[in-house]
Amino acid sequence: MKLYVYDHCPFCVKARSIFGLKGVSFELVVMLNDDATTPERMVGRKVAPILEEEGQYLAESMDIVAKIDALDGQCILTGPTVRAVTDWLKESSSNLYALAMPRWASSELPEFATAEARAFFTQKKEAIIGPFSERLAESKPLIEAANANLARLDPLIQSADAVNRELSTDDIHLFAHLRALSIVQGVIYPHAVEAYRKRMSMKMDVPLHDNIAS
Ligand SMILES: N[C@@H](CCC(=O)N[C@@H](CS)C(=O)NCC(=O)O)C(=O)O
């Protein structure tokens, strides 16, 4: 199986994470961000992630998660989801992209290996969140808001091995959020959140961006 992704993309992180959790081997293919030809050849539109298996394609992150989880007939994402976690994700997502997008755009990520790919991303995303320079200038209040959100998340984390103690789709969504945030320098992770994101990164085999955070 091949999984086509952009490294920064939270939807792609969701798809990647189940392979690590299940110990299923796959080939990770990072597309250039301006490469429309590759995804269009597979699914008729420019999108990531895409799972390729024997000439068949699947282009929806949570469908990929469900497929890989069910592969051996022993699903592991069987725990109930918790409303407080879902609500937290909804409430906390508003400033995530304002923080992460300008930082992804200036990072040495494989999808930005060419100047054209980086420019494509910058242009497309600035059309959504405004000039990156303006968002970067707002870093202090945005990071303070993210820190306040994380302080509210901490007591919701019941175990470093599963937010609700039993693995569920909440873990897929929550780790994708925390992994996106890891590109931001100066974020303060309370104890349980720190243990959780580190453990999940290891189990899901998706490295955090702490080492390239800016
Ligand atoms: N519902 C889709 C959303 C996927 C999605 O929006 N992916 C973004 C990348 S993060 C994308 O492909 N955007 C088009 C582009 O980057 O040009 C899923 O969960 O897989």
Side-chain angles (χ1 to χ4, degrees), residues 1-22 24 26-53 56-71 77 81 85-86 89-90 92-132 135 168-184 200-201 204 206-209 212:
M1 281 183 282
K2 279 189 187 178
L3 187 67
Y4 293 80
V5 301
Y6 310 124
D7 185 291
H8 71 274
C9 158
F11 302 102
C12 303
V13 167
K14 292 179 192 185
R16 283 172 72 177
S17 63
I18 191 68
F19 286 89
L21 287 174
K22 296 283 291 193
V24 173
F26 70 109
E27 185 184 339
L28 187 71
V29 182
V30 182
M31 299 179 285
L32 281 172
N33 205 257
D34 62 339
D35 173 11
T37 312
T38 303
E40 282 174 2
R41 174 178 55 77
M42 294 188 281
V43 296
R45 66 189 197 280
K46 184 184 180 309
V47 72
I50 299 171
L51 178 67
E52 177 184 7
E53 186 187 21
Q56 305 265 58
Y57 303 103
L58 196 53
E60 187 61 42
S61 58
M62 293 310 287
D63 290 349
I64 298 171
V65 168
K67 178 188 165 72
I68 301 306
D69 194 17
L71 216 51
L77 301 176
T81 58
V85 174
T86 320
L89 282 165
K90 243 183 249 155
S92 310
S93 63
S94 57
N95 75 357
L96 179 63
Y97 283 134
L99 278 166
M101 277 177 181
R103 290 166 172 86
W104 286 328
S106 62
S107 298
E108 294 304 316
L109 295 169
E111 59 268 40
F112 306 133
T114 65
E116 292 79 10
R118 197 181 293 281
F120 177 90
F121 178 86
T122 301
Q123 199 179 358
K124 186 165 178 173
K125 303 306 183 188
E126 283 192 327
I128 300 168
I129 67 162
F132 286 171
R135 297 296 78 76
S168 69
T169 52
D170 278 353
D171 292 294
I172 305 295
H173 298 301
L174 181 57
F175 179 74
H177 179 109
L178 295 172
R179 204 283 191 147
L181 195 59
S182 71
I183 196 72
V184 185
M200 283 295 153
S201 166
M204 293 175 168
V206 180
L208 293 163
H209 281 154
I212 56 164

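Both ligands and their constituent atoms are indexed starting at 1 by order of listing.
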For [atom], which candidate among [options] holds the nearest heavy atom?
| atom | options | value |
| --- | --- | --- |
| atom 16 (O) of ligand 1 | Lys14, Lys46, His8 | Lys46 |
| atom 6 (O) of ligand 1 | Phe11, Tyr97, Phe120, Phe121 | Phe11 |
| atom 7 (N) of ligand 1 | Ala59, Ala48, Cys12, Pro10 | Ala48 |

Got the closest protein heavy atom to [atom], with its distance?
| atom | result |
| --- | --- |
| atom 19 (O) of ligand 1 | Ser61 OG, 2.6 Å |
| atom 1 (N) of ligand 1 | Glu60 OE2, 2.6 Å |
| atom 9 (C) of ligand 1 | Cys9 SG, 3.6 Å |

Donor-acceptor pair, [X] side chain versus [Y] backbone, under 3.5 Å?
| X | Y | result |
| --- | --- | --- |
| Arg118 | Asn33 | no |
| Arg179 | Val206 | no |
| Lys46 | Asp34 | no |
| Glu126 | Phe132 | yes |
| Lys2 | Glu27 | no |

**Request:** Please confirm whether Lys125 comes within less than 3.5 Å of ligand 1 when only nitrogen or oxygen atoms on both sides are compared.
**Result:**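 Among all N and O atoms of Lys125, none is under 3.5 Å from an N or O of ligand 1.
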**Item:** ligand 1-proximal atoms of Lys124, by part, heavy-atom distance under 4.0 Å
**Value:**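 Only the side chain of Lys124 comes within reach of ligand 1.
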**Prompt:** Can you check whether a protein heavy atom sits less than 4.0 angstrom from atom 13 (N) of ligand 1?
**Reply:**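 No, there is no protein heavy atom closer to it than 4.0 Å.
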**Request:** Specify whether Trp104 and His8 have parallel, tilted or perpendicular ring planes, treating 30° as the upper limit for parallel and 60° as the lower limit for perpendicular.
**Result:**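 Ring orientation of Trp104 relative to His8: tilted.
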**Request:** Would you mind reporting whether Val5 and Met31 have side-chain heavy atoms less than 4.5 Å apart?
**Result:**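 Counting from C-beta outward, Met31 and Val5 never come under 4.5 Å.
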